[in-house]
A.B. asks: 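Please find one structure pasted underneath; my questions will follow.
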Protein chains: 2
Amino acid sequence: MKIATWNINSVRLRIDSVLRFLKEEAPDVLCLQEIKCRDEQFPARPLRSAGYEHIAVSGQAGYHGVAIIARAPLKDVETRKFCGKDDCRHIAATLPGGVRLHNFYVPSGGDEPDPAVNDKFAHKLDFMKELAEWSVGEAQTHSKKAVLVGDLNIAPREHDVWSHRQLLNVVSHTPVEVELMNAALEKGKWTDVARELIPEPEKLYTWWSYRARDWRASNRGRRLDHIWTSPPLRKAALSGGRAAFAIHDHCRDWERPSDHVPVTLTLDL
Amino acid sequence: MKIATWNINSVRLRIDSVLRFLKEEAPDVLCLQEIKCRDEQFPARPLRSAGYEHIAVSGQAGYHGVAIIARAPLKDVETRKFCGKDDCRHIAATLPGGVRLHNFYVPSGGDEPDPAVNDKFAHKLDFMKELAEWSVGEAQTHSKKAVLVGDLNIAPREHDVWSHRQLLNVVSHTPVEVELMNAALEKGKWTDVARELIPEPEKLYTWWSYRARDWRASNRGRRLDHIWTSPPLRKAALSGGRAAFAIHDHCRDWERPSDHVPVTLTLDL
DNA sequence: GCGCCAACAG
DNA sequence: CTGTTGGCGC
């Protein structure tokens, strides 16, 4: 089973790119973040026509918003409020094989990496703490197969950013964020599939700023988009080797691209 | 000599349409209104590459703005403030043959056709009064060949609108506006070329609202864009017959069209 | 309906 | 730099 995740930065603007990606990669399920539209504005029609007839959306006007689109039926669709906010940053569904799929859009965190002066950064830290605590229960309750994907807005490792030194004090790569992400990984017993399959020092990025004149030339990327699997799926995730995992960076060259590229994992179920 | 006028409703957004029109119709000079950009933002480069190397612009951020682009040199470029406002509604230049060309964008006038409650309508009436008075002097000073073109935002005749009755109290076709336009025509001894060549009851429209679902089917147009000539040019304007005059309504079907279409007149000089 | 801009967010 | 919204003007 092939799972994809993509921060699409407006699904209405980029529905043609989504369709192109689905045609090229034919994942069984695609998790989107930053759809930036209300549920009723989500372009479900062309997705259904493309063979993805099962769609779960949690959207709002303008900001954030997540969705799961799948070829096969989605069961037990749920959304969860983190930090007591109803801001469309999580949606979950169970896939036919019994895999529980969680799709996240973690707060970006603003500019200043100081929770005392920056509410957005405080929100991000709180969100990650809650995600870690929630992971504990999730690892127990859904004792079985689970996948967590999404734009977690943290690049945890030295080689997940273009310059570890220059980004140490930049939101997305600060030690406090990295520690919270590692705590979530540990408490949920999650496997960070990308880094298990492709160890450091190989660089891995899934996001490149719009501000660069030539994103590929400067290559100042960050690995913000992740796929985590629960212990019962560890073998299915890793047995295929690195061929089972892909960062589709050619999509960054498409017309009017998202600043994130899609990431896929094929589970050997 | 072929003269064109077009309210382009943002020249930056529609520069490709302008280039296409220039290629198709090859006018000697094109007058644009509602360029909606500052002088330095005007897309002069591609116009020059297309053979229109002489450009005069009077633009500002966001609203209004007029320009003249020509294959041959423009002399004595002037802009005139009407109603004491510096709002980029007029630009003039002299063409190589000695023709004085005036390009206008008359105020739209708002919704309520009552100058006592609607300042915009009052401004429009004042503008037309000033245009009429200015025409007197212009007819004397530039005693010779002159052309006045532009979006005058008035449809003066019964068959210049889709329903004379339904528009009698709608700004652009009210009796007070029509009388002021007729006064300007008389005081400047101008010839309204379109209606001399194509008499009523034939309908003539140069503008169709964006709000119609199917502009051609409903065909609720208005003739807002005009080409007037001074007495010394009357023969040159009319001798070619109606073949010399054209309303290029096919441009309304182009991608992301302006709500106005270009109008051309070939002067038999 | 469709331009523009400013404000906000990423 | 690239999205969103909301207000304004036509």
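Numbers restart at 1 for each chain; the letters A, B, ... are given by sequence-line order, proteins then strands. Side chains are part of it too, since the values below use all heavy atoms of this structure and drop only hydrogens, waters and symmetry mates.
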A.B. asks: With a 3.5 Å cut-off and no angle check, do the side chains of B/Gln33 and B/Asn103 form a donor-acceptor pair?
C.D. replies: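 There is such a pair (donor and acceptor under 3.5 Å, judged by atom type) between the side chains of B/Gln33 and B/Asn103.
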A.B. asks: Nearest to the side chain of A/Ser10, heavy atoms from C-beta on, is which of C/dG10, C/dG3, D/dT4?
C.D. replies: D/dT4
A.B. asks: Where each residue is assigned the nucleotide of DNA chain D containing its nearest heavy atom, which of A/Asn9 and B/Arg211 is assigned the position nearer the 5′ end?
C.D. replies: A/Asn9
A.B. asks: Among D/dT2, D/dT5, D/dC10, which nucleotide sits nearest the side chain of A/Arg14?
C.D. replies: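 That would be D/dT2.
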A.B. asks: Nearest whole Å is fine: how far is C/dG3 P from B/Gln33 CD?
C.D. replies: 17 Å
A.B. asks: Whole-Å distance between D/dG3 C1' and A/Leu32 CG?
C.D. replies: 16 Å
A.B. asks: Check whether the side chain of B/Arg12 and the base of C/dG3 form a donor-acceptor pair under 3.5 Å.
C.D. replies: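 In this structure, the two groups form no donor-acceptor pair.
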A.B. asks: Using a 4.0 Å heavy-atom cut-off across all strands, classify A/His260 as base, sugar-phosphate, or nothing.
C.D. replies: nothing
A.B. asks: Please pick, from D/dC1, C/dC4, D/dC10, the nucleotide with the shortest atom-to-atom distance to any side-chain atom of B/Leu13.
C.D. replies: C/dC4
A.B. asks: Considering only heavy atoms from C-beta outward, does the side chain of A/Thr174 approach that of A/Leu168 to under 4.5 Å?
C.D. replies: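 Counting from C-beta outward, A/Thr174 and A/Leu168 never come under 4.5 Å.
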A.B. asks: Given C/dG10, C/dC4, D/dG3, which nucleotide is nearest the side-chain atoms of B/Lys36?
C.D. replies: C/dC4
A.B. asks: Considering just the side-chain nitrogens and oxygens of A/Arg256, establish if one lies under 4.0 Å of OP1 or OP2 belonging to D/dG3.
C.D. replies: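 So the side-chain polar atoms of A/Arg256 do come within 4.0 Å of the phosphate oxygens OP1 or OP2 of D/dG3, strictly under.
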A.B. asks: Between B/Ile8 (CD1) and C/dC4 (P), how many Å, whole number?
C.D. replies: 12 Å
A.B. asks: Taking atom P of D/dG9 as reference, at what distance in whole Å does atom OH of B/Tyr105 sit?
C.D. replies: 12 Å
A.B. asks: Using whole Å, report how far CG of B/Asp259 lies from P of C/dC4.
C.D. replies: 13 Å
A.B. asks: Take the protein atom OH of A/Tyr210 and the nucleotide atom P of C/dC8, then report the distance between them rounded to whole Å.
C.D. replies: 21 Å
A.B. asks: B/Glu255 CD to C/dG1 C1': how many Å, rounded?
C.D. replies: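 Atom-to-atom, B/Glu255 to C/dG1, this comes out as 16 Å.
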A.B. asks: Has B/Asn219 got more than 12 heavy atoms of other residues, nucleotides or ligands less than 6.0 Å from its CG?
C.D. replies: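 Enclosed: over 12 neighbouring heavy atoms sit under 6.0 Å from CG of B/Asn219.
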A.B. asks: Which of these passes side-chain hydrogen bond (donor to acceptor under 3.5 Å, both in side chains) with B/His173: B/His164, B/Arg222, B/Glu158?
C.D. replies: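 Single side-chain hydrogen bond (donor to acceptor under 3.5 Å, both in side chains) partner of B/His173 among B/His164, B/Arg222, B/Glu158: B/His164.
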A.B. asks: In terms of the nearest nucleotide of DNA chain D, which residue is placed more toward the 5' end: A/Ser209 or A/Tyr63?
C.D. replies: A/Ser209
A.B. asks: Indicate whether the side chain of A/Tyr210 and that of A/Asn9 have a donor and an acceptor atom separated by less than 3.5 Å.
C.D. replies: yes
A.B. asks: Could you state the CG-P distance from B/Asp151 to D/dC10, rounded to the nearest angstrom?
C.D. replies: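 To the nearest whole Å, that distance equals 11 Å.
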